[in-house]
Asks: 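Sharing a structure below in structure tokens format, with a few things to ask.
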Amino acid sequence: MDSPARAAAGIVIESRGGDEARGLADVVSGLYQAVFSLPPFSGDDAEFAGQRSYYPVMTERPGFRLTTARAGNERVGFGYGFLLPPDTRWWSGLADPVSGEFAQEDGHRTFALIDFGVLSAWRGHGVGRAIHDELLAGSGARRATLSVQPKAAETQEIYRRWGWRKVSSREMDPPVPAPVFDILVLEAMPVTR
């Protein structure tokens with residue numbers, strides 16, 4: 001583990017990278033399916049198979065980080081991502097292009113939050129915010145980015161409350177679960193205690 005576990009109201013937040021994160025692939029995929037099978041996402045078997053396929057590969061990226069929340073022996077939430085490399089294409093193909101300076105990456109500047117979710121029974125208890133803050137604070141990045149479906153209005157509102165702002169949108173190539181995603185940025189990274 002690359003960060004110590006911390007408990008708050010019976011919830012333990014843990015972060016891992018590399019082999020330890022890869023070893024939790026089945027747990028993470030189960031959480032992903034439980035979260036993203038519900039509206040407004042309503043994921044299907046192809047999406048879930050895609051996530052099971054790309055997750056282990058993603059754990060090998062530089063700066064990969066997984067943060068989970070646990071209540072007793074039950075994992076109740078997760079978030080993961082990686083540092084954008086200098087040759088990233090994250091900022092290309094945007095509907096509203098960003099400046100070259102904004103898009104310039106050095107392998108440490110921006111953490112891309114790829115997937116994030118909390119089981120429905122645990123929402124509204126600060127679990128998601130604890131995962132979010134631990135994941136991003138421990139990334140070593142100066143800012144973060146993510147993509148989110150426009151139809152996920154409640155999710156977008158949570159991100160806005162946490163300080164994220166939309167910078168553009170992008171049409172995605174299949175097999176992603178939606179044809180267009182909004183691209184958000186967080187420039188004031190959280191600090192954990």
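In this text, all values refer to a predicted model and were calculated from it rather than measured experimentally.
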Asks: What closest approach, in Å, do P190 and A137 show between heavy atoms, and which atom pair accounts for it?
Replies: O-CB, 3.2 Å
Asks: When you compare the side chains of R75 and T68, does any donor N or O come within less than 3.5 Å of an acceptor on the partner?
Replies: yes
Asks: At their closest point, which heavy atom of V148 faces which heavy atom of Q156, and how far apart are they?
Replies: CG1-NE2, 3.4 Å
Asks: Find out whether I13 and I131 are in side-chain contact, i.e. whether some heavy atom of one side chain is under 4.5 Å from a heavy atom of the other.
Replies: yes
Asks: Consider only side-chain heavy atoms of I, L, V, M, F, W and Y, link residues closer than 4.5 Å, and tell whether L38 and L31 are in one cluster.
Replies: no
Asks: Report yes if some heavy atom in the side chain of F78 is under 4.5 Å from a heavy atom in the side chain of F116; otherwise report no.
Replies: no
Asks: Hey, are the side chains of R165 and R160 touching, using non-hydrogen atoms and a 4.5 Å cut-off?
Replies: no
Asks: Using only atom types and a distance under 3.5 Å, with no angle test, would you say the side chain of S29 pairs donor to acceptor with the backbone of D26?
Replies: no
Asks: Only counting residues at least two apart or in another chain, list the ones meeting salt bridge (Lys or Arg N to Asp or Glu O under 4.0 Å) with R109.
Replies: none
Asks: Looking at OG of S147 and NZ of K166, how far apart are the two atoms once the value is rounded to the nearest 0.5 Å?
Replies: 12.5 Å
Asks: Between R16 and L66, is there a donor-acceptor pair closer than 3.5 Å when you use the side chain of the first and the backbone of the second?
Replies: no
Asks: For a quick check under 3.5 Å, do W91 and E105 share a side-chain donor-acceptor pair by atom type?
Replies: yes
Asks: To the nearest 0.5 Å, what is the distance between CZ on F181 and OG on S168?
Replies: 14.0 Å
Asks: Of all the heavy-atom pairs spanning A152 and P40, show the shortest one and how long it is.
Replies: CA-CG, 3.8 Å
Asks: Is S53 reaching over with its side chain to a backbone N or O of A49, donor-acceptor style, under 3.5 angstrom?
Replies: no
Asks: Between V167 and L184, does a side chain to side chain contact (heavy atoms under 4.5 Å, CB included) hold up when you go through it step by step?
Replies: CA-CA 6 Å; V167 294; L184 280 57; over 6 Å; no
Asks: Counting only heavy atoms not in E157 (residues, nucleotides, ligands), do more than 12 fall under 6.0 Å from its CD?
Replies: yes
Asks: With R52, which residues qualify under side-chain hydrogen bond (donor to acceptor under 3.5 Å, both in side chains), at least two apart?
Replies: none
Asks: How close do P150 and V180 get, counting heavy atoms only, and between which atoms?
Replies: CD-O, 3.2 Å
Asks: Around atom CZ of R161, are there more than 12 heavy atoms of other residues, nucleotides or ligands at under 6.0 Å?
Replies: yes
Asks: Given 3.5 Å as the limit, does a donor-acceptor pair link the side chain of S37 with the main chain of Q33, or not?
Replies: yes
Asks: Just verifying a value: how many Å separate I114 CD1 and Y32 OH, rounded to the nearest 0.5 Å?
Replies: 11.0 Å
Asks: Do we see a donor-acceptor contact under 3.5 Å between the side chains of T110 and T145?
Replies: no
Asks: Tell me whether the rings of H132 and W162 are parallel (<30°), tilted (30 to 60°) or perpendicular (>60°).
Replies: tilted
Asks: Using the side chain to side chain contact (heavy atoms under 4.5 Å, CB included) rule, take R123 and V35 through it: C-alpha gap first, then chi angles, then the decisive distance, then the call.
Replies: CA-CA 11 Å; R123 294 178 189 161; V35 169; 3.7 Å; yes
Asks: Does E134 form a side chain to side chain donor-acceptor pair (under 3.5 Å) with T67? I'd like the steps, not just the answer.
Replies: CA-CA 7 Å; E134 169 65 23; T67 300; 5.4 Å; no
Asks: Can a donor-acceptor pair be found between the side chains of D182 and Y159 at a distance below 3.5 Å?
Replies: no
Asks: Tell me which donor-acceptor pairs under 3.5 Å the side chains of residues 57-64 have, and how far apart each pair is, sequence neighbours excluded?
Replies:
from, atom 1, to, atom 2, distance (Å)
T59, OG1, R22, NH1, 2.5
T59, OG1, P56, O, 2.6

Asks: Within the structure provided, determine whether L136 and R65 are in side-chain contact (heavy-atom separation under 4.5 Å).
Replies: no
Asks: What do you reckon, are the aromatic ring centroids of Y80 and Y55 less than 6.0 Å apart?
Replies: yes
Asks: If you round to the nearest 0.5 Å, how far is CE of M189 from CZ of R143?
Replies: 10.5 Å
Asks: Could you tell me the separation between the CG atom of D106 and the CG atom of L83, rounded to the nearest 0.5 Å?
Replies: 9.0 Å
Asks: When rounded to the nearest 0.5 angstrom, what is the spacing between CG in L113 and CH2 in W164?
Replies: 5.5 Å
Asks: Using the six-membered ring wherever Trp is involved, compare the ring planes of H125 and W122 and label them parallel, tilted or perpendicular (cut-offs 30° and 60°).
Replies: perpendicular
Asks: Can you tell if the side chain of F111 reaches within under 4.5 Å of the side chain of R142, non-hydrogen atoms only?
Replies: no
